[in-house]
Structures are given as structure tokens and as C-alpha cells.
2 protein chains.
Amino acid sequence: MRVAEPTVERLVLYYRLLMQLHNEERRVVSSQEIGEMLGLKASQVRKDLSYFGEIGKRGVGYHVERLYRHVSDILSPDRVWKIALVGVGRLGEALLGHKALRSEKFRLEALFDNDPAKIGQVICSVPCYDSEEMTEIIREKGIEVVILTIPAAAAQVSADRAVAAGTVKGILTFATTAISVPEEVLVYRVDISVELEKLLFFLKGRMA
Amino acid sequence: MRVAEPTVERLVLYYRLLMQLHNEERRVVSSQEIGEMLGLKASQVRKDLSYFGEIGKRGVGYHVERLYRHVSDILSPDRVWKIALVGVGRLGEALLGHKALRSEKFRLEALFDNDPAKIGQVICSVPCYDSEEMTEIIREKGIEVVILTIPAAAAQVSADRAVAAGTVKGILTFATTAISVPEEVLVYRVDISVELEKLLFFLKGRMA
DNA sequence: GTTCATCCGTGAACATTATAACAAATGATT
DNA sequence: AATCATTTGTTATAATGTTCACGGATGAAC
């Protein structure tokens, strides 16, 4: 069954919240409460959670542990992905330390950079390779997901090199530029400038 | 007139592309071409651009410089915002060096951290203050936008301190947790984990 | 046990966003 | 000057997403 992107996004939020509630040994929670904690309408929460079958109990609410496991199952991949990070600059290093990259859903197998001082090093227990050799190494290692933390100018070249390996199925890019890839490769973009611009734009509107 | 959020998001993309085209001394561009370069439908591009009046020329296309200035005007704030960054960890420092924070639309006036080694320092020509003093300093300086690059556990406390100053109108948070603020404060969230999770979820779906 | 307040699941109504379709304008060509 | 290939702006339509409203469970209180 097809699930909408906004729903998946909220599922991740539910997952986090449920983990927290579970740790607090909370037993039961209602859609109302979930909504208040996450800033969503209760009806939205119920609709999202009902996509995957009846999991709550009418008149009672959702059993925290059961719902937690359920959402966890939905989000869990059927295997551990192999990923690589391209660009070990400040942002790349920040990501290496960020909890987003500490997940059991994937293993970070390789870093790439073009700085000779970094090539050959092992950073955060991950080896760093020369960007020039990206295609071969990605292919050898069978890496399927690539995170790009490089300047806009280098993004397309890196994307091309990664895709050329033939094993890459998804790209998460932080570069502030559009990249073009074959349509079978899924691209997600995190664009800090865009979010800031949106914030300022709507602030301007509110002042007026 | 009200403009939809997805439209504003794309306006930023148009803006970037037009800057580039302008630098390349390109004179004219069509909605078709813009769409191809950004991965959008031509009709979408035309609709977005027409929200702000007739700016193209039928049978010809859009005059690059004129459109560039036009989009630039739409996105430009009516004054320079004063902003602060809370949390000078790896992610905060990455942002300090990132081009997203080099904009003429705002001035970064203060940093906040609770690390004694950083308090009192001037980092990237911006003074770093003790997080404890956040409310007073934000109020004194009249800071209106706050960027949170801190762990989830500290996010709500920092948001509360910032909002308590009474001058803050918008928050951009990188924390992986929901924060609750008065409804007159606009919050945007950049959530790296969520984007990665979404990518993996839809990859799983494609494999099946 | 009956009543009652609570709360889920769901289909329908509503709102938003994207796409398609086409008339009107433009400049090139003949 | 008339025709033609383009390309915009806009209206109509389709697709998507959110909220409402209510039937039907559930357990607590008395």
C-alpha cells in the first residue's frame, strides 16, 4: 500500500515520541495527547496511525509499547543499508558526530574528500578515500546510499561519480543546488538556506 | 496577497538559478528551461512566477535580469533582521562557515553556548555569550530570529529563554524534538534524521 | 448491570497544491 | 501584411492532504 510522504515524516515524529514515552514507562497514550505534544490535530494522528491497521483501542487509546513496536516495524528497513558520506568539511564532520548518523538502519562504510590531509585517514572509525576513486570504491563496497555534504559547485560531479557505480539507489544532498540523476535514484534535499529564507519571508508577511 | 509555502520554497530555487544565469550573461529563459534545470513542470514554474504579476513576455520567455530582480525583491525583507545562533558545537560551527549564514538579509549578532571555553570568545567575528544570559542579551540587542543548533534535551529550555526576551519572532531549529512556543512565534525545523528516514523508507518501498 | 465520558477508525467534506489546456501575445519568416 | 511556431498567463481540472463528524468500542463509576 502507498503511504504519503507527509505521513512518513510524521511517523518518524511518532516514533521518537513513543520511544521517549516508553522509556518513561508510560503505558497508554491518546491521539489527543500525541497531537498536543507534537503540534498536530488528533484526527491527523489517528488517520496516520490507522494507515497500517487498527492498532489502538477505542475508548482507551494506544498501548505505548505496542504502538512503538508497530511504528518501529513500519520504519525499519528489511536490511542494513551501506552508506557513504562525501565531503568531510565542517558540515560533514558535524554530521559524523550527529545522532542522525548513529542508526542501526545503516552502516557508514566510507568517506570521500579531495583534501590530501584527509585521504587515507580514518575519521570516526570510517576510512576516508580520494573522491577521484569514488566510483570504484562505491561499486566494490556495494554502497547504496550517499550523503553529499559538499559545495554546490561539486555536487553534480560527485552525484555523477556516485551514480556511475551502479549500486547507488538514494542520495541525501545538503548542497544548495539541483542535481540531476537517473529517475531510478531517489534524491532528498536538506536545504538550510531555503528554510531560513522561508522563515524570513513569512516573518515579513506577518509584520505587514 | 497570500503565497503558499511550496511556492516560496521554489522561489528561492528560481532566485539561485537566475543569479547563476545572470552571471553567465544569459538574457532570456523560458519556463520550460527553468523547469528542466530544477526538475519542475513548466506549468508549475509559470504559475509560481505569475503570482506576483505579469513578468514574462509571451512568445519569448522571461528576461533574466528583470526576473532575477523581481524574484529578489519578493524575497527581500524590508529590513535587515538581527539573528542569534544558540549552540556552538560542531553543527553550529558548520553553520557559521556555511553560506546560508552569509546573507545580507540578516546580521548575526550573538552566539550562545554553555561551554566556559567558548563564552567570552569572539568566533567568526561574533561574540559568544553564556546561555544563562540569553534572555537579557537577546532583549538588549533586539534579536528577532534565533537558530537552535543544540541537542534535543536543551531545545525547549533554549526556546523558552529566547522567547522570554519578547523580541523573538522566528526560530529555526535543528533539534530533533518538537518545541512549543507561543503561536505568534514562527518555527521552522530542519531535521536531518527525518530526511534520512524518509529516504530509507521510500527506498525500501521501491525495492519491494 | 446501566450509564457515562472517553477515544478510536473511517468516510465524507473541505482545503490545498499540482497539472493540463488553451486563449492571447510575440517576433520571425515569407 | 499574413502566417507560423513559441511561450506566457490564466482558467479549469485533477490529485493530494487535512479536518470534521459520527458510529461503535471500552472501561470506570455508581
Side-chain angles (χ1 to χ4, degrees), chain A residues 1-14 17-18 21 26-71 74 178 183 194 198 201-202 205, chain B residues 1-14 17-18 21 26-68 70-71 74 183 194 198 201-202 205:
Chain A
M1 186 226 321
R2 198 190 149 275
V3 193
E5 161 147 355
T7 300
V8 177
E9 179 148 345
R10 287 187 298 265
L11 279 175
V12 179
L13 305 185
Y14 302 144
L17 180 64
L18 288 163
L21 293 175
R26 181 76 184 270
R27 295 295 177 77
V28 170
V29 67
S30 70
S31 58
Q32 181 77 46
E33 291 168 306
I34 294 176
E36 276 164 17
M37 288 186 272
L38 296 177
L40 303 169
K41 292 258 154 78
S43 55
Q44 177 86 82
V45 174
R46 289 202 300 277
K47 178 137 273 206
D48 287 339
L49 295 178
S50 71
Y51 272 124
F52 304 91
E54 295 197 13
I55 198 71
K57 220 172 187 176
R58 299 183 176 198
V60 182
Y62 298 91
H63 186 259
V64 171
E65 194 180 331
R66 186 161 131 74
L67 183 57
Y68 174 52
R69 272 209 276 264
H70 193 243
V71 174
I74 294 163
E183 66 172 335
V194 169
K198 280 197 291 187
F201 180 85
F202 286 110
Chain B
M1 187 222 324
R2 196 188 149 274
V3 192
E5 161 147 354
T7 300
V8 178
E9 179 149 347
R10 287 187 298 266
L11 279 176
V12 180
L13 304 186
Y14 301 144
L17 179 65
L18 288 163
L21 293 175
R26 181 78 185 269
R27 295 295 177 76
V28 169
V29 68
S30 71
S31 59
Q32 181 77 45
E33 291 169 305
I34 294 176
E36 276 164 19
M37 289 186 272
L38 296 177
L40 303 168
K41 293 259 154 78
S43 56
Q44 177 85 82
V45 175
R46 289 202 299 278
K47 178 141 257 223
D48 287 339
L49 296 178
S50 70
Y51 271 123
F52 303 91
E54 294 196 15
I55 198 70
K57 219 171 189 177
R58 298 184 179 197
V60 182
Y62 298 92
H63 186 257
V64 172
E65 193 180 332
R66 188 162 130 77
L67 183 58
Y68 173 54
H70 193 242
V71 174
I74 294 163
E183 65 172 335
V194 169
K198 281 197 292 186
F201 180 85
F202 286 109

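The chains referred to below are lettered A, B, ... by the order of the sequence lines, with proteins before strands, and numbering in each begins at 1.
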Closest-nucleotide ordering on DNA chain D, the 5'-leading residue of A:K57 and A:A4: A:A4
Between C:dA12 (P) and A:K47 (NZ): distance, integer Å: 10 Å
Touch check for B:I55, heavy atoms < 4.0 angstrom, all strands: base, sugar-phosphate only, or nothing? sugar-phosphate
Inspect the surroundings of CZ in A:R26 and state if more than 12 heavy atoms from other residues, nucleotides or ligands are less than 6.0 Å away. yes
Closest nucleotide of DNA chain D for A:G59 versus for A:P6: which of these residues is on the 5' side? A:P6
Could you give the CD-to-P distance, from A:Q32 to C:dC8, as a whole number of Å? 9 Å
Of the nucleotides C:dT17, C:dG9, D:dT18, which one has an atom closest to the side chain of A:S50? C:dG9
Scan B:S30 against the nucleic acid and name what it touches under 4.0 Å (heavy atoms): base, sugar-phosphate only, or nothing. sugar-phosphate
CD of A:E54 versus C1' of D:dT26: gap in Å, rounded? 13 Å
Counting just side-chain N and O atoms, does A:R2 come under 4.0 Å of either OP1 or OP2 of D:dT16? no
Please round to the nearest 0.5 Å and tell me the distance separating atom CD of B:E65 and atom NE2 of B:H70. 14.0 Å
What is the separation between atom CD on A:Q44 and atom P on C:dG9, rounded to the nearest whole Å? 15 Å
Whole Å only: how far is the CG atom of B:L40 from the C1' atom of C:dT17? 13 Å
Nearest whole Å is fine: how far is D:dG24 P from A:R46 CZ? 16 Å
Residue A:K41, side-chain heavy atoms: nucleotide from C:dT19, C:dT10, D:dC20 that is nearest: D:dC20
Report yes if at least one side-chain N or O of B:S31 is closer than 4.0 Å to OP1 or OP2 of D:dT7; otherwise report no. no
CD-OG distance between A:E36 and A:S31, expressed to the nearest 0.5 angstrom: 10.0 Å
B:Y62 vs D:dG9: side-chain N/O to OP1/OP2 distance below 4.0 Å: yes
DNA chain C: A:V60 or B:D48, which has the more 5' nearest nucleotide? A:V60
Nucleotide C:dC7, atom C1' - distance to CD1 of A:I34 in whole Å: 12 Å
To the nearest 0.5 Å, what is the distance between OH (A:Y51) and CD1 (A:I74)? 12.5 Å
Given the structure, check if the side chain of B:R58 and the base of D:dT8 hold any donor-acceptor pair shorter than 3.5 Å. yes
Between atom CD in A:E5 and atom P in D:dT16, what is the gap in whole Å? 13 Å
Which atom names give the shortest non-hydrogen contact between A:V64 and A:V28, and what distance separates them? CG2-N, 3.7 Å
